[in-house]
Colleague: 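Structure provided below as structure tokens; questions to follow.
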There are 2 protein chains.
Amino acid sequence: MKSYGQLCAVARALDVVGDRWTLLVVRELLIQGPLRFGELQRGLPGIATNLLTQRLRDLEEQGVLSRTDGDRAAGPALYRLTARGVALDGVIRELLKWGAPTVPSAPPDAVFQMHWLSRPARYLLSDHEPDRPRTVIRFGTPADGFDLTAASGTVTVAPCAEDARVDATVMGPGPALVALLQGATGIDTAEEHGVTVEGDATALARVLPRPA
Amino acid sequence: MKSYGQLCAVARALDVVGDRWTLLVVRELLIQGPLRFGELQRGLPGIATNLLTQRLRDLEEQGVLSRTDGDRAAGPALYRLTARGVALDGVIRELLKWGAPTVPSAPPDAVFQMHWLSRPARYLLSDHEPDRPRTVIRFGTPADGFDLTAASGTVTVAPCAEDARVDATVMGPGPALVALLQGATGIDTAEEHGVTVEGDATALARVLPRPA
DNA sequence: CTGGATCCGGGAAGATACTG
DNA sequence: CAGTATCTTCCCGGATCCAG
């Protein structure tokens, strides 16, 4: 990106992450951890390969991520955020909070991937029944999903763990899941729109937004 | 901006404010309040007039700002943030915090305007002497500056007030001021680099970062 | 098949001249 | 002063091509 040439912290930040796709690359690495080129591409539907290459080079040059070469023999390169890159978490979080209300009005042909919900889940959901034993809810599948754990009044989110004891598994179309997590609909309505809840549905109810 | 077409809150936010210059327009209106076209242009050195027109139209259409027509006779149009636009404050704040460390390494020909320091001042400075009476420090001039008030342990920032009783006035070149506010240099070094402090220098020392 | 590099068309950004 | 019009330049997007 061409620099704004301003002695201003906001402009300086945008000099680095203001380009198209750049913050979405960071989003993917924040959510999923270190990724290979193809995995990044899958999480960024619509990006051209040359553009992804360019963004990765720029971000590496700026110290936002590092490319750990899968050096000798076969190893594919891994891209991982540096500490400086992880520090963009606050920016992503604020963008997410600001953009969340507009997600339901997205065009109907918008692409959906389950792991994009992991940060909204972290920031929008909470444990309403702190006295219940620890509960694990799986959203999606290990190929594209996350495990949400409710315990002692707090909610944590992590990539799907192979050995997790899962109390409930939630799947379904994006718009219905978004409405459910935002509290716009309840579980019943969500199921009418294609959401499936396997296992203990009360585990899910434990963390969903409740009407004040 | 072309939509990313993703059912993701971050992508949705960037659909609206991801365009070049867009967040800097919001920055100006957040700092300075409602502005006219020419005032905005002065706060965004380098922007082309047609591009500013386009951004203002887009942002109005998205509900981020409103254009209050100076309708009949002479009244120039005023652009002001809506509640939705003011809600971008968190995004600007996080970008600012992330970009601040890179400001000192900006190109030496970067443009500087004093009011760009008002939000860094709000987030970086604090009142280290809460028992002292209220103190007002003016940075710059009413044409381009802000008043910082330290009282009871907290710091507030506002546009220059005509009737303010100012205890100290600070002016000088951008890089030296940035270094001073970030705690990279002390007042003495800053003055060697062209910073001038008129009035009560201890008022300034009261709010500057202190080595741990 | 993954991980890119190259090429090219369209559209956005940048600069400047012009008008009410 | 507040934009509009025009032109140039460069970035983005899509496809294709290349190497391991």
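Labels below follow one simple rule: chain letters A, B, ... track the order of the sequence lines, proteins then strands, and each chain is numbered from 1.
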Colleague: Is the shortest distance from a Lys or Arg side-chain nitrogen in B:Arg119 or B:Asp89 to a carboxylate oxygen in the other one below 4.0 Å?
Modeller: yes
Colleague: Can you check whether any acceptor in the base of C:dA5 is under 3.5 Å from a donor in the side chain of A:Thr49, or vice versa?
Modeller: yes
Colleague: If you check the B:Thr53 side chain, which of C:dG4, D:dT4, D:dA2 turns out closest?
Modeller: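 Among the listed nucleotides, the one closest to the side chain of B:Thr53 is D:dT4.
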Colleague: Which whole-number value in Å describes the distance from A:Leu52 CG to C:dA5 C1'?
Modeller: 13 Å
Colleague: Could you measure the distance from the CG atom of B:Asp58 to the CG atom of B:Asp19? Nearest 0.5 Å is fine.
Modeller: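 The distance works out to 7.0 Å.
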Colleague: Flag the pair B:Tyr79 / B:Glu39 as yes when at least one side-chain heavy-atom distance between them is below 4.5 Å, and no otherwise.
Modeller: no
Colleague: D:dG3 C1' sits how many Å from B:Leu78 CG, rounded?
Modeller: 15 Å
Colleague: Under 4.0 Å between a side-chain N or O of A:Lys2 and OP1 or OP2 of C:dA15?
Modeller: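 Checking A:Lys2 against C:dA15: at least one side-chain N or O falls below 4.0 Å of OP1 or OP2.
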Colleague: Does the side chain of B:Arg57 get closer than 4.0 angstrom to OP1 or OP2 of D:dT4 through an N or O atom?
Modeller: yes
Colleague: So which nucleotide from C:dG14, C:dG4, D:dT4 ends up closest to the side chain of B:Ala48?
Modeller: C:dG14
Colleague: For the pair made of CZ in B:Phe37 and P in C:dT19, what is the distance, rounded to whole Å?
Modeller: 18 Å
Colleague: Where along residues 4-21 of chain B does a heavy atom come under 4.0 Å from DNA chain D, residue by residue in number order?
Modeller: none
Colleague: Is there side-chain contact between B:Gln32 and B:Ser118, with heavy atoms separated by less than 4.5 Å?
Modeller: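 Sidechains of B:Ser118 and B:Gln32: no contact.
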Colleague: Under 4.0 Å from OP1 or OP2 of D:dC1: is there any side-chain N or O of B:Arg36 that close?
Modeller: no
Colleague: Tell me whether the rings of B:Trp21 and A:Tyr4 are parallel (<30°), tilted (30 to 60°) or perpendicular (>60°).
Modeller: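 Ring orientation of B:Trp21 relative to A:Tyr4: perpendicular.
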Colleague: Closest-nucleotide mapping onto DNA chain D: is B:Arg67 or A:Leu51 further toward the 5' terminus? I mean the 5' end.
Modeller: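 The 5'-side residue here is B:Arg67.
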Colleague: In whole Å, I'd like the distance from the CG atom of A:Asp58 to the C1' atom of D:dC12.
Modeller: 13 Å
Colleague: Could you state the atom-to-atom distance from CD1 of A:Ile47 to P of C:dA5 in whole Å?
Modeller: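 So the two atoms are 14 Å apart, to the nearest Å.
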Colleague: Which of the following nucleotides, D:dA2, D:dG13, C:dA13, is nearest to the side chain of B:Arg55?
Modeller: C:dA13
Colleague: What is the separation between atom CZ on A:Arg42 and atom C1' on C:dT2, rounded to the nearest whole Å?
Modeller: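 Interatomic distance, CZ of A:Arg42 to C1' of C:dT2: 10 Å.
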Colleague: Is B:Lys97 paired with B:Glu94 through a side-chain N to carboxylate O contact shorter than 4.0 Å?
Modeller: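 Looking at B:Glu94 and B:Lys97, the cut-off is met.
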Colleague: For the side chain of B:Tyr79, starting at C-beta, report the closest nucleotide among D:dC1, D:dG3, C:dG14.
Modeller: D:dG3
Colleague: Ignoring hydrogens and angles, are the base of C:dG4 and the side chain of A:Asn50 linked by a donor-acceptor pair under 3.5 Å?
Modeller: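 No, no donor-acceptor pair under 3.5 Å.
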Colleague: Take atom CD of B:Gln41 and atom P of C:dA15, then tell me their distance rounded to the nearest Å.
Modeller: 12 Å
Colleague: Are a donor atom and an acceptor atom from the side chains of B:Asp15 and B:Ser3 found within less than 3.5 Å of each other?
Modeller: yes
